[in-house]
Amino acid sequence: MNRHGHDLDRAAATLASAAHLVVFTGSGVSKESGLATFRDVDGAWAQYDPMDYASPQGFRRNPQGVWEWYAQRRQQMLEVEPNPAHLAIAALENLIAEVTVITQNIDGLHQRAGSSRVLELHGNIHRYKCSRHCRGEPTYLPTPDPFEETLQPCPYCGAHARPDVVWFGESLPPDVWEAAAFAAMTCDAMLVVGTSGAVEPAASLPRYARQHRAFIVEVNPETTPITQIAGAALRGPAGEWMPALLEAVRDIHDAQA
Ligand code: APR
């Protein structure tokens, strides 16, 4: 059995005996749906400056350009499907008593795959809000047509509408962050799938889990800062490893039945 085989066995045994699993995901889990990551060589930040397209300053400077970028990404996210990694993560709910997905992604693919508890740390591209929070934070607005390429005004105050996503320099939604930190500190195991662990405070969640004695499994073709605290690493694409892990957990369950 190669190293991965040992790691797969260890990961499956841990998940099979877990009462509460947290699955912490980044853009890598959506790569095999056809969506770009951010920091891979072909990632979004190789083409776009995040300070221009994912910051309040960038939006103030060029609201129409930022609106168009999100409209184009929203169209793409609606056109793609959840991939086998999303589907396997959702199916783990049939084998483990409590599964909490904490995602940095804004694409909504975990929900479309059937995951029932998803904490969206960085918001959701399919939700829009008033950029001035004119009726309290957040002031949600009707979602415009994904093909609407013209910047829309808030119907209440006329300020620019914007996607309900967390930009650089902005705080995470307090209620979501609190629930995510609590889940990380109380879970038995955390599956870390497709994240470079480059962005705080999200990247602290695996450390919180480890500090509270959770077993960490990393699923990623590359090593990351999270690798050093992982008890098992499945080195490769999530779309391949997640179905294999699901099957291995199912086999343990069937053997125990
Ligand atoms: N399966 C699993 N992981 C993959 C795959 C795949 N098929 N392809 C790439 N990856 C891994 C990469 O090796 C990398 O470690 O996914 C990770 C993607 O890292 P980033 O591009 O940095 O994306 P992410 O970790 O989600 O970024 C976090 O940064 O810019 C902000 O708001 C943005 O939510 C994002 C946050």
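Owing to the predicted nature of the structure, the values given are computational and were not obtained by experimental measurement. Counting convention: from 1, in listed order, for ligands and their atoms alike.
- In this structure, Arg127 pairs ionically with Glu120, as a charged nitrogen and a carboxylate oxygen lie closer than 4.0 Å.
- Residues Gln104 and Ala202 come closest through the heavy atom pair OE1-CB, 3.5 Å.
- Protein residues with any heavy atom under 4.0 Å from ligand 1: Gly26, Ser27, Gly28, Lys31, Glu32, Thr37, Phe38, Arg39, Asp40, Trp45, Gln104, His122, Phe168, Gly194, Thr195, Ser196, Val199, Asn220, Pro221, Glu222, Pro237, Ala238.
- For the atom pair OG1 of Thr100 and CG of Leu21, the computed distance is 8.0 Å after rounding to the nearest 0.5 Å.
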Just list the side-chain donor-acceptor pairs under 3.5 Å for residues 46-53, sequence neighbours left out, or say none.
residue : atom : partner : partner atom : Å
Asp49   : OD1  : Met51   : N            : 2.7
Asp52   : OD1  : Arg61   : NH2          : 2.9

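- Between Tyr70 and Trp167, the ring planes lie tilted relative to each other; the angle falls in the 30° to 60° range.
- A donor-acceptor pair under 3.5 Å is formed between the side chain of His253 and the backbone N or O of Leu95.
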